[in-house]
Undergrad: 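Here's a structure for you.
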Amino acid sequence: MTRKAAIVGGNRIPFARSNKKYARASNQDMLTATIDGLVARYGLAGEQLGEVVAGAVLKHARDFNLTRESVLGSQLSPSTPAYDVQQACGTGLEAAVLVANKIALGQIESGIAGGTDTTSDAPLAVNDDLRHVLIALNNAKTLPDRLKLLGKIRPGQLVPDQPRNVEPRTGLSMGEHAAQTAKVWEVSRESQDELAVASHHNLAAAYDRGFFDDLVTPFLGLTRDDNLRPDSTVEKLATLKPVFGEGEGATMTAANSTPLTDGASAVLLASDEWAAEHQLPVLAHLVDAQTAAVDYVHGGEGLLMAPAYAMPVMLARNGLTLQDFDLYEIHEAFASTVLSTMKAWEDPAFCKEKLGLDAPLGSIDRSKLNVNGSSLAAGHPFAATGGRIVASLAKALHELGPGKRGLISICAAGGQGVVAILES
Amino acid sequence: MSDWYRDFANSGVGTTLVRQLGLPRPAVLRRYTPGQPLLDGPALVGSAGEGRLRAEIEAVLRDDGVTVLSPAIADGGSGPKVAAVVLDATGLTTPADLASAHDFLAPAVKRLGTNGRVVVLGEVPGDAPSPALAAARQALDGLVRSLAKELRAGAIANLVYVPSGAEAAVPGPLRFFLSGRSAYVDGQTVTLSAVDAPSGDGGTTPLAGKVAVVTGAARGIGASIADVLGRAGAHVVAVDIPAAGQALAAVANRVGGTALQLDITAPDAAQRLVEHLVQRHGGADVVVHNAGITRDKLLVNMDSARWNSVLAVNLQAQLDLTQALLDAEGALKPGARVVAVSSQSGIAGNRGQTNYSASKAGVIGMVRAWAPAFAERGATINAVAPGFIVTEMTAKMPFGTREVGARLNSLQQGGLPVDVAEAIAWLAQPASAGVNGQVLRVCGQNLLGA
Ligand SMILES: NC(=O)c1ccc[n+]([C@@H]2O[C@H](COP(=O)([O-])OP(=O)(O)OC[C@H]3O[C@@H](n4cnc5c(N)ncnc54)[C@H](O)[C@@H]3O)[C@@H](O)[C@H]2O)c1
């Protein structure tokens, strides 16, 4: 038996810039509040769901069972099972794919997919030297042994390891990687700033028309994403200094790159039958998904280019072209990432040599891209982005009417990417 | 929200001190809890003239396990305490007959215990064939209001006018005015309509299987309404502005209901509410228009923003949503109940509240005008006008204003949100079918506009 999983709806808390409104909120606080908002919206208090799947990219050791703990703290029935996933910025979408697949196979009838991340309450790891001493101390049996070990602690060891947004294998930040790719694809500063401004304007307009009234639940006094700048203009953005890349060719600024953000999101998926039984709407179905990974360490491919590779595989499997969609959601990790990816799909050489295609995938109608804003405006709490996109796209497709298709593309650290197709 | 003065006045030291100083001693009101008996003691039942409702009254009391004492045992007020006094005054034929009402009530009320209940039932003055009879019936209104002011220790008195043919509608209102649900409803008159009503009270879950919409449900009185409707078995659709979403979600989850983030003044609010109700719940059985705002200023200093916003939320939205629900196929289920929250300010006026009082008086006009159309569909629409209700809002008032405001009523204390909620939940019950187009004050018989 296979069937397509229905997307019933979603919920997220407004995304907050790092160390602002959610400075004291933990991943579990945010995920629990987000699940509770979803439970309230769909009248699920006390309900036992098939499974809750979520994750966080930056995670404390104590959060080993983050999703299950969040479920136990939520209004869902405590007999709802849960597990954690982590695929960097792909976490949220991957979680939705996992839930959808179990529904498609008939293993569960309903589930929640989500993600949460905080860069404010991020884990501070003790550095390795100190950790070794502390482990030995714990194992020492006699007092003199302990004192000896304590005497070994040096001031230099007391500096904790801060979590950094860098690739362990290259030591480069994600922004530096993206800047390299932007250079390869000759993505101009103006086009990046235009994309960023469009993101802010689209998100603000969506809020104003009440689009998020049933997608967002306020949290800790925040009612809208606090990174949103409705009055953003290309002229204003042009005055900013680049923060990634070097010298003349540097194009990436704080405005056309996503800021560090805190937040959480969740999506309710179900079989059509379960939705009907519960008198719940079906906004769209999750039709298919595909992941890919690239060798950005030695293979010369850009860190965030994996979705470019995942896309043709998924399109071919579904007999679709890149143009067969009514809406596109390309995650704006950086404006340049979106633009590089689209340039790659338009490029005959890339499509032939890297993707093995006879003809390029072609271009995307920009008026259908990120129509309700994306990460540049909303912010990007890593694991929460997938859920934000799935729920918003499903609703937007539903508004367009039945049979409309939407495409999702999300790049992730480690040279990975996840793409998916929704259909209303 | 605790009433420190009431608690103090009822404490060991407080009782003595309050008595010596001659200060009022507000009673701890007997409020409803599920499973509570209708009354904590026997009821005295009497008639003025040949009443026609004795059978209905005694049936309700007996069904609820209340011992019924008849006036023969009333013995000049020296008998044991009773929990309620019920007078069937439907038999009045002339103003002179009122003397028999006095004859029954005087000794009976003497025996009324703490948190006692007086309920008088009469014929509708407007239906009277002669001026003298109309006068006799209307006289009951003055009698009950004054008696309510004389009662002490949490006791209340209320009047129900029962037109002929409305006998079946009596049990619901009678139970309400006897029960702990009407703790803060005092000196009120309700006029019934002649309709069929289910005779049972539905036990502890009279709204089981019903869908109830509550606007402004994120906090205050609205959150309490959601709680009480949820307790009564309804699936609550809790509505509030998107910015109040976190608190709204908590209320919805607490009562096992649904949260709908919606600004009721948005241009598409009515359409969105209707769609939500039809698609998600197959229509609504109960709609409570509770959302309200104040933007106080003296009339001469009031800008149009203050005026317009108050009228938009408190009145226009109630009109628009109700009209849309009536128009849309399947949005209101058969036998629907609409309850609109008005205010004492809409009846008595209040300095600095021309906009608010206008909106709240408008609500009263609305329910009265709509009542006949609702009756045609077997539905009802009523208003509840709260008096001084202790909420987070009143907690922020200056101490003096608050303490005085809270005591200016026959029960010498502010009401609680749950008191308003109980009245609304009662109007929402199937058994309240005969209550339509009424304005019920939940104000402890406030001196303002009483
Ligand atoms: N508290 C009293 O003493 C008192 C007395 C008389 C009448 N009332 C009436 O009772 C009702 C509730 O009062 P309260 O004291 O609980 O007030 P409150 O301010 O605590 O709650 C009112 C709720 O309505 C919501 N609301 C406001 N505008 C809205 C809109 N456009 N759309 C949706 N929701 C909206 C608010 O967000 C809030 O949650 C009001 O109608 C008020 O006028 C209160």
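Computed from heavy atoms alone, side chains included, the values below leave out hydrogens, waters and symmetry copies. Numbers restart at 1 for each chain; the letters A, B, ... are given by sequence-line order, proteins then strands. The structure presented is a predicted model; accordingly, all values stated were derived computationally and were not measured.
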Undergrad: Provide the closest heavy-atom pair for B/Asn253 versus A/Asp36 in the form atom of the first, atom of the second, distance.
TA: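 Scanning both residues, the minimum pair turns out to be ND2-O, 3.0 Å.
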
Undergrad: Just so I understand: if I count every heavy-atom pair under 4.5 Å between each of A/Pro281, A/Pro218, A/Gly221 and chain B, which residue has the most?
TA: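 Maximum pair count with chain B is reached by A/Pro218.
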
Undergrad: Rounded to the nearest 0.5 Å, what separation is found between the CD atom of A/Gln279 and the NE2 atom of B/His281?
TA: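 One gets 8.0 Å once the value is rounded to the nearest 0.5 Å.
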
Undergrad: Do the charged groups of B/Arg272 and A/Asp213 touch, with an N to O distance under 4.0 Å?
TA: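 Yes.
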
Undergrad: Verify side-chain contact (heavy atoms from CB on, under 4.5 Å) between B/Thr258 and A/Arg41, making sure each step is shown before the conclusion.
TA: CA-CA 5 Å; B/Thr258 303; A/Arg41 183 161 299 140; 5.9 Å; no

Undergrad: Are more than 12 heavy atoms from other residues, nucleotides or ligands located less than 6.0 Å from atom CZ of A/Arg209?
TA: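 Check passes, neighbour count above 12.
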
Undergrad: Is there a side-chain contact between A/Tyr42 and B/Arg280 in this structure, where contact means two heavy atoms from C-beta onward sitting under 4.5 Å apart?
TA: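 In contact.
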
Undergrad: Measure distances from B/Ala252 to the heavy atoms of chain A and classify the residue's part below 4.5 Å as side chain, backbone, both or neither.
TA: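 Only the side chain of B/Ala252 comes within 4.5 Å of chain A.
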
Undergrad: Between B/Ala249, B/Pro267, B/Ala266, which has the largest tally of heavy atom pairs under 4.5 Å with chain A?
TA: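 Most heavy-atom pairs within the cutoff with chain A belong to B/Ala249.
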
Undergrad: Who wins among A/Val216, A/Thr217, A/Leu220, A/Thr223 for the most heavy-atom pairs under 4.5 Å with chain B?
TA: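 The candidate making the most pairs under 4.5 Å is A/Thr217.
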
